[in-house]
Amino acid sequence: MPVEAFVEEVAGQEVVIGSREQLLHLLAEAAEIEHTLMCSYLYAAFSLKRAGEPGVSSAQGELLQRWRKTIMDVAVEEMGHLVIVANLTIAVGGRPHFGRPNFPVAPGYFPSGVAVRLTGFNAETLKHFIFLERPQDVRGDDSDAFEQDDYQREQAHLGLMPSAQDYATIGHLYEAIRTNLITLERELGSSGLFVGDAAGQVGRPVIDLEGVEPITDLASAQKAIDIVVEQGEGSSVDRAVSHYRSFLTIQRELEAAGRDEPDFAPAWPVADSPVLRQPPEPEGKVFVDHPEAATLLDFACATYGLLLRCLIQCFGRSDDAAEGSQAALMSAAIELMHVLGETSTALARLPATNEAEGVNAGMTFTMLRGVEPLPRQVERRVLQERVAALAGTRSDLSERARQALAQAAEHLAKLR
């Protein structure tokens, strides 16, 4: 097997190939990419106005509802990709990676062509989404609002430490993962590479999303990668529905709506790069300190944190009660998603700060400091404790949100 990493050209693109540690490194980056994209898409969707709100006609309301549903569907598939990457990581001997940097992601963390920050729905944001999801054979141009100075994430020596893989598209990153899988399977054999417990992965009975199946060998790993790439950019068989095509459709409809109604404003003026905590470097960020928005943002981020914990606890379970516990945790996570959607939508309609007029708040998706799995013997107590804290904090939640929190608590009570 390769002891030190090396670079090989695959289909006209450079790919870093190395040990199992290199593969786990690439999978961790793929998880972070999927996670950050999911949050970026949700932020844009939550900023969209609804029928009956200021400046929105009935016809425009129907258009906005369709855009919201499309973007939310894309975000759900990104969550599916995150689960697929988690399964693949377990399959090759790792633990799922749900950590990521807080927004906005600093230049240098991802390749120069992958700028990630939270922005509301508008033409520039949409162009950026299209650029990120473009197929590997489409060059494309990013929005001027997201362009960064070019740089390379280089190491002076490719050795034992995992090396950053620069990639032009997300599909390129997954081809690097595929190439490392093929190389390691050839060197280690299937049983030597796929050493993880399939029972510790998440399957379709737990979350019914395409591609979410246990991964046990190279064939199932490659099938999973194909689904992720095809859902994002489309495929050689001209997949009719992909993230890339979905965003192109919205772009055409937005341009047509703007021609018909030049004053059409589809979204609330949410902040670019809102943050929960006072940033030491405030440039380019909006500190959400308006009292009403700040308290709701705190609640929304706590909900998001608990949601992540529920997802994380789904993995690595291989006892007789594993599937039942996975189903309970995933059901609780879905209920929390409803709460998160409601509170994030409300944030987009509140002022972000007293320091600037005309800037609304938004969900920051602030990460917990640590998202490693909770010990099994205490998970039910810790998770129930947190959902009870959420339920007891705000008296102004809708009946649907209160019911969702109560149902989440009921699901968590079934943990074994």
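Keep in mind that what you see is a predicted model, and the values were worked out from it rather than measured. We use all heavy atoms of the structure for the numbers below, so side chains are in, but hydrogens, waters and symmetry mates are not.
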For [X], does the [atom1] atom sit with more than 12 other heavy atoms under 6.0 Å from it, leaving out its own atoms?
{"X": "Arg386", "atom1": "CZ", "value": "no"}
{"X": "Glu14", "atom1": "CD", "value": "no"}
{"X": "Glu399", "atom1": "CD", "value": "yes"}
{"X": "Arg381", "atom1": "CZ", "value": "no"}
{"X": "Gln278", "atom1": "CD", "value": "yes"}

Atom pair [atom1] ([X]) and [atom2] ([Y]), whose distance is rounded to the nearest 0.5 Å:
{"X": "Leu347", "Y": "Glu292", "atom1": "CG", "atom2": "CD", "answer": "9.5 Å"}
{"X": "Glu78", "Y": "His35", "atom1": "CD", "atom2": "NE2", "answer": "11.5 Å"}
{"X": "Glu185", "Y": "Leu23", "atom1": "CD", "atom2": "CG", "answer": "12.0 Å"}
{"X": "Glu379", "Y": "Ser325", "atom1": "CD", "atom2": "OG", "answer": "6.5 Å"}

For this session: Sequence neighbours left out, what pairs pass ring-ring contact (aromatic ring centres under 6.0 Å, His included) with at least one residue falling in residues 353-396?
Result: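 Output for this query lists Tyr304-Phe365.
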
Exercise. What residue pairs, at least two apart or across chains, pass ring-ring contact (aromatic ring centres under 6.0 Å, His included) with a residue in residues 178-201?
Worked result: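 Pairs touching residues 178-201 that pass the test: none.
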
In chain order, what residues pass the salt bridge (charged side-chain N to carboxylate O under 4.0 Å, His left out) check against [X], with sequence neighbours excluded?
{"X": "Glu53", "answer": "Arg349"}
{"X": "Asp197", "answer": "none"}
{"X": "Lys414", "answer": "none"}

Using every non-hydrogen atom in the two residues, find where [X] and [Y] come nearest and quote the distance to one decimal.
{"X": "Ala198", "Y": "Thr216", "value": "CB-CG2, 3.8 Å"}
{"X": "Phe131", "Y": "Gly140", "value": "CE1-O, 3.9 Å"}
{"X": "Thr125", "Y": "Gly120", "value": "OG1-O, 2.8 Å"}

Problem set entry | Option passing side-chain contact (heavy atoms from CB on, under 4.5 Å) with Val202 (candidates Val212, Leu209, Ile90) |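 Going through the options one by one, the only one that passes is Val212.
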
For this session: Applying side-chain contact (heavy atoms from CB on, under 4.5 Å) between Tyr167 and each of Val15, Ile33, Val16, report the one that passes.
Result: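 Exactly one candidate clears the test, Ile33.
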
For this session: Tell me, please, which residues at least two apart from His128 pass ring-ring contact (aromatic ring centres under 6.0 Å, His included).
Result: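 Counting only residues at least two positions away or on another chain, His128 forms a ring-ring contact (aromatic ring centres under 6.0 Å, His included) with Phe146.
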
For this session: Would you please test Lys223 and Glu213 for salt bridge (charged side-chain N to carboxylate O under 4.0 Å, His left out) and show each step?
Result: CA-CA 10 Å; Lys223 180 181 177 181; Glu213 302 283 359; over 6 Å; no

For this session: Could you give me the CA-CA distance, side-chain angles and deciding distance for Thr70 and Asp73, then say whether side-chain hydrogen bond (donor to acceptor under 3.5 Å, both in side chains) is met?
Result: CA-CA 5 Å; Thr70 297; Asp73 287 346; 5.7 Å; no

Problem set entry | Ring centers of Tyr41, Phe247 separated by less than 6.0 Å |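 Centroid separation for Tyr41 and Phe247: below 6.0 Å.
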
Exercise. Please walk me through it: do Asp272 and Thr119 pass side-chain hydrogen bond (donor to acceptor under 3.5 Å, both in side chains)?
Worked result: CA-CA 5 Å; Asp272 281 4; Thr119 56; 5.2 Å; no

Exercise. Without hydrogens or angle criteria, can the side chains of Ser220 and Asp217 be said to hold a donor-acceptor pair below 3.5 Å?
Worked result: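 Yes, because at least one side-chain N or O of Ser220 sits under 3.5 Å from a partner of the opposite role on Asp217.
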
For a 4.5 angstrom cut-off between non-hydrogen side-chain atoms, does [X] reach [Y]?
{"X": "Gln222", "Y": "Ile182", "result": "yes"}
{"X": "Met330", "Y": "Leu311", "result": "yes"}
{"X": "Val270", "Y": "Tyr43", "result": "yes"}

For this session: Say whether, by atom type as modelled, one donor and one acceptor occur between the side chain of Asn354 and the main chain of Asp289 under 3.5 angstrom.
Result: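 Pair absent, no side-chain N/O of Asn354 close to backbone of Asp289.
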
For this session: May I ask you to decide if Pro162's main-chain N or O and Glu21's side chain share a donor-acceptor pair within less than 3.5 Å?
Result: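 No: the side chain of Glu21 does not pair with the backbone of Pro162.
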
